[in-house]
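Written out below as structure tokens is the structure these notes cover.
So that the names make sense, note that chain A is the first sequence line, chain B the second, and so on, each numbered from 1.
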Amino acid sequence: MPELPEVETTRRGLAPHLVGRCVRGATLRRADLRWPIAPQIAAELPGQTIESVSRRAKYLLLEAQTGAALLHLGMSGSLRVLPEGTPHGKHDHVDVLLDSDHVLRFNDPRRFGCLLWQAHGAVHPLLAGLGPEPLDEAFDGDHLWRASRGRTAPVKTFLMDQSVVVGVGNIYAAEALFRAGIAPGRAAGRVSRERYAALAAAVKDILARAIARGGTTLRDFIAPDGAPGYFVQELSVYGRAGQACKACGTALRARMLGQRASVWCPRCQH
DNA sequence: CTCTTAACCTGGACGC
DNA sequence: TGCGTCCAGGTTAAGA
């Protein structure tokens with residue numbers, strides 16, 4: 001479910017409830033999600049104060065004194081802050097108990113998410129090797145152009161490669177490529193420097209706009225306060241296969257690229 | 001290295 | 001109503 005805008009929306013929703021709060025304990029209703037839940041969540045985090053809630057790529061970090069809880073929402077994960085004692089439902093796998101008499105609740109039906117631990121001063125292996133943040137200045141068209149030389153994979157697959165640039169998933173890759181006028185199936189190494197400049201600008205603009213709308217809710221994404229994201233109203237191509245292009249009226253086409261559904265306008269994108 | 005494919009897991013939508 | 005099939009916002013591991 002969540003790409004960068006949804007994770008950032010989650011981060012912004014959580015921070016006011018978590019920063020400065022002391023963790024009283026943790027309730028684990030199952031031992032693993034994608035991987036075993038780190039033992040430090042129950043054994044080391046309680047008693048510590050959450051100093052900040054940060055984001056790297058699609059990961060969230062709850063930073064405490066001896067380390068940070070490292071979370072990924074996978075395809076179906078969500079986090080909410082609820083009054084202590086709120087009955088838990090199916091797939092509510094973890095509660096982190098706070099000294100505010102609230103709980104941070106991690107729900108993830110498909111369990112593709114994870115809850116790990118990064119020791120203070122260390123970099124978790126999952127965070128090593130990630131590409132730049134798309135909203136940082138270090139990310140631009142030249143970065144994409146240089147990284148793509150000689151690459152034969154589809155440009156959409158390339159754009160979703162987290163070692164190239166982080167945070168872009170299936171929705172925003174499709175939308176950015178439409179905005180830049182690039183066909184998603186084109187080989188990454190056969191896109192010009194000029195067109196990569198347009199693509200990088202499109203990525204930045206679309207992600208920023210999506211964050212401003214609270215992300216995209218297709219079925220089950222919710223912010224920590226329970227609110228959906230409204231960027232779904234601005235989607236140009238994602239989920240619109242067969243429908244008319246909003247720019248030219250041509251029927252949007254769809255095909256699988258890298259095992260992900262990909263939609264584009266055959267007239268606007270080349 | 002790069003690229004492709006299978007796998008992880010549940011639930012909703014759809015066809016019969 | 002029930003059952004089988006396919007698909008879904010992500011990522012890793014294994015193989016070519």
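Not a single donor-acceptor pair, N or O on each side, falls under 3.5 Å between the base of C:dA8 and the side chain of A:R219. Contact annotation: side chain of A:R34 to base of C:dT11, donor-acceptor pair present below 3.5 Å.
When the P atom is used for both C:dC3 and B:dC9, the distance is 23 Å, rounded to whole Å.
Following rounding to the nearest Å, A:D220 (CG) and B:dA13 (C1') show an atom-to-atom distance of 14 Å. Rounded to whole angstrom, the span from the CG atom of A:L4 across to the C1' atom of C:dG9 amounts to 13 Å. The interatomic distance linking A:L60 (CG) with C:dG9 (P) rounds to 20 Å, in whole Å. Per the geometry, OH belonging to A:Y238 stands 13 Å off P belonging to C:dC7, to the nearest Å. Rounded to a whole Å, the CZ atom of A:R260 is 13 Å from the C1' atom of C:dT12. Between A:Q162 atom CD and C:dT12 atom C1' there is a gap of 12 Å when expressed in whole angstrom units. The distance between atom CH2 of A:W35 and atom P of C:dG10, rounded to the nearest whole Å, is 15 Å. Whole-Å rounding puts the A:L218 CG to B:dT10 P distance at 22 Å.
The aromatic ring of A:F221 is not stacked on the base of C:dG9, since the criterion of ring centres less than 5.5 Å apart with planes inclined by under 30° is not met. For B:dC8, the base is stacked against the aromatic ring of A:F112, per a cut-off of 5.5 Å between centres and 30° between planes.
Closest approach of A:E175 to A:S236, counting heavy atoms only: OE1-N, 2.6 Å.
Across every strand in view, C:dA8 sits in a pair with B:dT10 that passes the Watson-Crick or G-U test at under 3.5 angstrom.
Taking the six-membered ring for Trp and the full ring otherwise, A:F106 and A:H93 have centroids separated by 6.0 Å or more.
A:V191 places none of its side-chain heavy atoms less than 4.5 Å from the side chain of A:L199. Annotation: side chain of A:W264 is not in contact with side chain of A:L252 (no heavy-atom distance under 4.5 Å).
Under the 30°/60° scheme for interplanar angles, the aromatic rings of A:F231 and A:Y172 are found to be tilted.
Checking C:dG9, B:dG11, B:dT5 against the side-chain heavy atoms of A:K90 singles out B:dG11 as nearest. In the set C:dG9, B:dG11, B:dC8, the nucleotide with an atom closest to the side chain of A:H91 is B:dG11. With B:dC9, C:dA8, C:dT11 as the choices, the nucleotide that has an atom nearest any side-chain atom of A:R111 turns out to be B:dC9. Closest approach to the A:A261 side chain among C:dG9, B:dA6, C:dA8 is made by C:dA8 (side chain taken as heavy atoms from C-beta onward).
For A:Q162 (side chain) and A:M160 (main-chain N/O), a donor-acceptor pair under 3.5 Å exists by modelled atom type. Counting only distance, with no hydrogens or angles, the side chain of A:K58 and the backbone of A:L73 share no donor-acceptor pair below 3.5 Å.
Contact annotation for A:T217: base contact, defined as any heavy-atom pair under 4.0 Å involving a base atom.
A heavy atom lying under 4.0 Å from DNA chain B marks the following residues of residues 151-160 of chain A, by number: A:R151, A:T152, A:A153.
Classification of A:D32 and A:R111 as a salt-bridged pair fails, no side-chain N sitting under 4.0 Å from a carboxylate O.
For C:dT11, one of the phosphate oxygens OP1 or OP2 lies less than 4.0 angstrom from a side-chain nitrogen or oxygen of A:H72.
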